[in-house]
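See below for the structure under consideration.
Source: prediction; values computed, not measured.
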Amino acid sequence: MPHSKDQDQMTEPHPAIHAQSKAGKKRLITVYGPKGGVGKTFISRELAIFFSMQKKEGRPLKVLAVDFNLDLGTFATALNLPRTPNLFTWVQELDSQLHALAQKRGIDPYSVRPEEWQELASLLPLFPQHIEKYVIGHTESGLDVLTSPRDIRQSFEIRDYHLYLILETLKQSSYDVILIDTAPDTTDATIQALFFAEQVVMVGTPVVDSIENIQRLLKLLREAEYPEERIQVCMNRLQRKEMFTLEEIRAYFQLHPSKKIFSIPDDGEVKKSINTGIPVMMQTGRSAAREAIETLGKALFPVDEETKKLAAKGKQSEKPSLLRWLWG
């Protein structure tokens with residue numbers, strides 16, 4: 001693919017990582033799984049819905065979910081949403097602005113080399129207030145979604161400087177939480193989403209190839225001196241009896257003993273949710289998967305302080321159950 005990078009390039013962090021100190025504080029969370037089919041988009045969807053149900057200083061959080069799986073993204077489909085407008089709509093607008101900037105500087109846009117577009121992109125003013133033109137609202141939850149292109153051919157036209165401009169604009173936006181669902185590979189989009197993120201959820205399943213892929217990716221990130229405290233590991237579809245225990249997986253990943261591995265149990269409600277397009281977080285009734293996702297969500301973005309105090313007051317005499325600890 002034109003926007004692909006070799007894995008060894010992860011030792012050279014994109015300049016986006018340095019932009020974080022310049023932008024305002026933003027809870028940007030990237031969900032990544034180095035193997036397809038592990039339920040990454042499901043986890044992304046459920047976390048995004050969870051965050052949209054939380055409050056900050058008495059008001060609902062403003063949440064945006066972004067589908068950075070540029071070729072084969074299905075986030076919109078997972079919520080029964082249309083895919084227009086989308087990321088490519090934004091890219092087309094950025095190209096118009098870049099062409100106008102080139103002409104203003106006396107440069108023929110059709111003779112600009114790729115590295116010159118990168119330089120021009122660094123001069124382009126950002127307009128966070130215009131993001132709403134490119135998003136689709138999920139009416140039931142209040143979540144905003146920036147979807148991937150409808151046509152796979154459009155993804156070939158999305159360059160690294162487009163991605164940088166989009167991520168930098170998102171960092172300066174009014175959203176409280178920005179959750180990015182990525183492709184199971186190391187494209188420019190994935191790499192930039194990882195290095196822009198304040199937190200990363202690494203999703204896998206407790207099977208050999210998934211565990212092996214996560215271990216390799218962790219090794220690459222460590223070699224790139226990526227801050228490991230940003231990474232949360234999540235094992236999806238965990239059953240009561242697995243080939244590997246969470247302790248064995250932790251040891252294989254060389255995680256600190258105090259580092260929690262979050263687990264999402266295999267749950268009939270999940271299959272029902274995937275088939276209907278109705279998120280587990282919006283269903284009534286109890287679900288082990290829902291409780292586990294809430295636990296992960298609260299670790300990534302603690303709920304409103306007032307809500308937490310009320311919850312703590314009502315549960316002062318309640319002791320955490322062993323079962324909840326095992327599956328939490």
Side-chain angles (χ1 to χ4, degrees), residues 1 3-36 38-41 43-44 47 65-70 118 160-172 177-205 209-236 246 249-263 296-297 299-301:
M1 295 300 208
H3 49 262
S4 295
K5 295 285 186 183
D6 293 330
Q7 288 191 348
D8 60 1
Q9 286 183 285
M10 294 196 70
T11 58
E12 295 293 334
H14 191 278
I17 191 172
H18 303 300
Q20 296 180 68
S21 60
K22 298 178 182 178
K25 181 75 171 175
K26 184 68 57 180
R27 191 62 61 104
L28 195 153
I29 302 167
T30 292
V31 180
Y32 176 66
K35 179 182 181 299
V38 297
K40 173 183 55 59
T41 296
I43 299 295
S44 297
L47 284 173
V66 183
D67 192 344
F68 253 34
N69 187 344
L70 303 183
Q118 189 80 42
D160 56 354
Y161 54 85
H162 293 133
L163 300 169
Y164 177 84
L165 287 169
I166 288 170
L167 286 166
E168 185 60 26
T169 304
L170 292 178
K171 290 283 282 188
Q172 296 184 22
V177 179
I178 298 164
L179 187 140
I180 301 180
D181 185 33
T182 60
D185 49 33
T186 50
T187 61
D188 280 336
T190 297
I191 293 171
Q192 292 204 43
L194 287 171
F195 281 103
F196 253 96
E198 290 183 350
Q199 291 174 297
V200 172
V201 181
M202 195 81 67
V203 180
T205 53
D209 54 350
S210 176
I211 292 172
E212 184 73 18
N213 285 339
I214 289 179
Q215 196 275 338
R216 290 175 180 172
L217 200 282
L218 286 171
K219 183 175 183 292
L220 284 171
L221 290 173
R222 285 165 179 154
E223 289 173 353
E225 298 184 355
Y226 190 90
E228 198 158 337
E229 63 271 15
R230 292 186 195 174
I231 302 171
Q232 301 292 351
V233 177
C234 176
M235 288 287 111
N236 192 26
L246 292 181
I249 294 172
R250 176 186 285 107
Y252 185 64
F253 290 163
Q254 299 180 5
L255 300 178
H256 191 275
S258 64
K259 184 81 168 179
K260 178 172 182 172
I261 295 180
F262 293 88
S263 58
L296 173 58
L300 294 167
F301 196 116

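- Put simply, the side chain of Val66 does not reach to within 4.5 Å of the side chain of Asp181, judged on heavy atoms.
- There is no side-chain donor-acceptor pair under 3.5 Å between Thr205 and Asn236.
- Looking at Glu223 and Leu220, their side chains come closer than 4.5 Å, going by heavy atoms from C-beta outward.
- A heavy-atom distance below 4.5 Å is found between the side chains of Ser210 and Lys35.
- The local environment of NZ in Lys259 is crowded, with over 12 non-hydrogen atoms from other residues, nucleotides or ligands closer than 6.0 Å.
- Looking at Val201 and Ile29, their side chains come closer than 4.5 Å, going by heavy atoms from C-beta outward.
- For Glu198 and Arg230, the salt-bridge test fails: no basic side-chain N is under 4.0 Å from an acidic carboxylate O.
- The shortest non-hydrogen separation linking Phe68 to Ala189 is CD2-O, 3.4 Å.
- With a 4.5 Å cut-off on side-chain heavy atoms, Leu167 and Ile180 count as touching.
- Arg222 contributes no side-chain N or O that, together with a main-chain N or O of Leu217, makes up a donor-acceptor pair within less than 3.5 Å.
- The two residues Tyr226 and Val200 have their closest heavy-atom pair at OH-CG2, 3.1 Å.
- At distances below 3.5 Å, at least one donor-acceptor pair connects side-chain atoms of Gln192 with backbone N or O atoms of Asp160.
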Exercise for the section: Begin with the C-alpha distance, continue with both residues' side-chain angles, and end with the deciding distance and a verdict on side chain to side chain contact (heavy atoms under 4.5 Å, CB included) for Leu163 and Leu70. Expected result: CA-CA 11 Å; Leu163 300 169; Leu70 303 183; 4.2 Å; yes
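- To the nearest 0.5 Å, atom CD1 of residue Ile231 and atom CZ of residue Phe253 are 11.0 Å apart.
- Counting heavy atoms from C-beta on, the side chains of Leu218 and Met202 come closer than 4.5 Å.
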Exercise for the section: Please report the C-alpha distance between Ile178 and Arg27 in whole Å, then the side-chain angles of each, then the deciding distance to 0.1 Å, and finally whether the side chain to side chain contact (heavy atoms under 4.5 Å, CB included) criterion is met. Expected result: CA-CA 6 Å; Ile178 298 164; Arg27 191 62 61 104; over 6 Å; no
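- In this structure, Leu300 and Gln199 approach most closely via the heavy-atom pair O-OE1, 2.8 Å.
- The structure places CD of Gln215 at 8.0 Å from NZ of Lys219, a figure rounded to the nearest 0.5 Å.
- Summarising the geometry of Ile191 relative to Thr186, their closest heavy-atom pair is CD1-O, 3.7 Å, with the distance given to 0.1 Å.
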Exercise for the section: Using the side chain to side chain contact (heavy atoms under 4.5 Å, CB included) rule, take Cys234 and Leu296 through it: C-alpha gap first, then chi angles, then the decisive distance, then the call. Expected result: CA-CA 8 Å; Cys234 176; Leu296 173 58; 4.2 Å; yes
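- Nearest heavy-atom pair, Pro34 versus Val203, reported as atom, atom and distance to 0.1 Å: CD-O, 4.0 Å.
- Residues that satisfy the side chain to side chain donor-acceptor pair (under 3.5 Å) test with Glu212, not counting sequence neighbours, are Tyr252.
- With rounding to the nearest 0.5 Å, the separation of CD1 in Ile214 from CD1 in Ile249 is 8.5 Å.
- A donor-acceptor pair under 3.5 Å links the side-chain atoms of Tyr32 to the main chain of Asp185, judged by distance alone.
- Of the possible donor and acceptor atoms, one in the side chain of Thr182 sits under 3.5 Å from a partner among the backbone N and O of Val31.
- Residues Lys40 and Ile43 form no side-chain contact, since every pair of their non-hydrogen atoms from C-beta on lies 4.5 Å or further apart.
- Annotation: side chain of Leu28 is in contact with side chain of Thr30 (closest heavy-atom distance under 4.5 Å).
- Going from atom CZ of Arg250 over to atom CD1 of Ile261 covers 5.0 Å, rounded to the nearest 0.5 Å.
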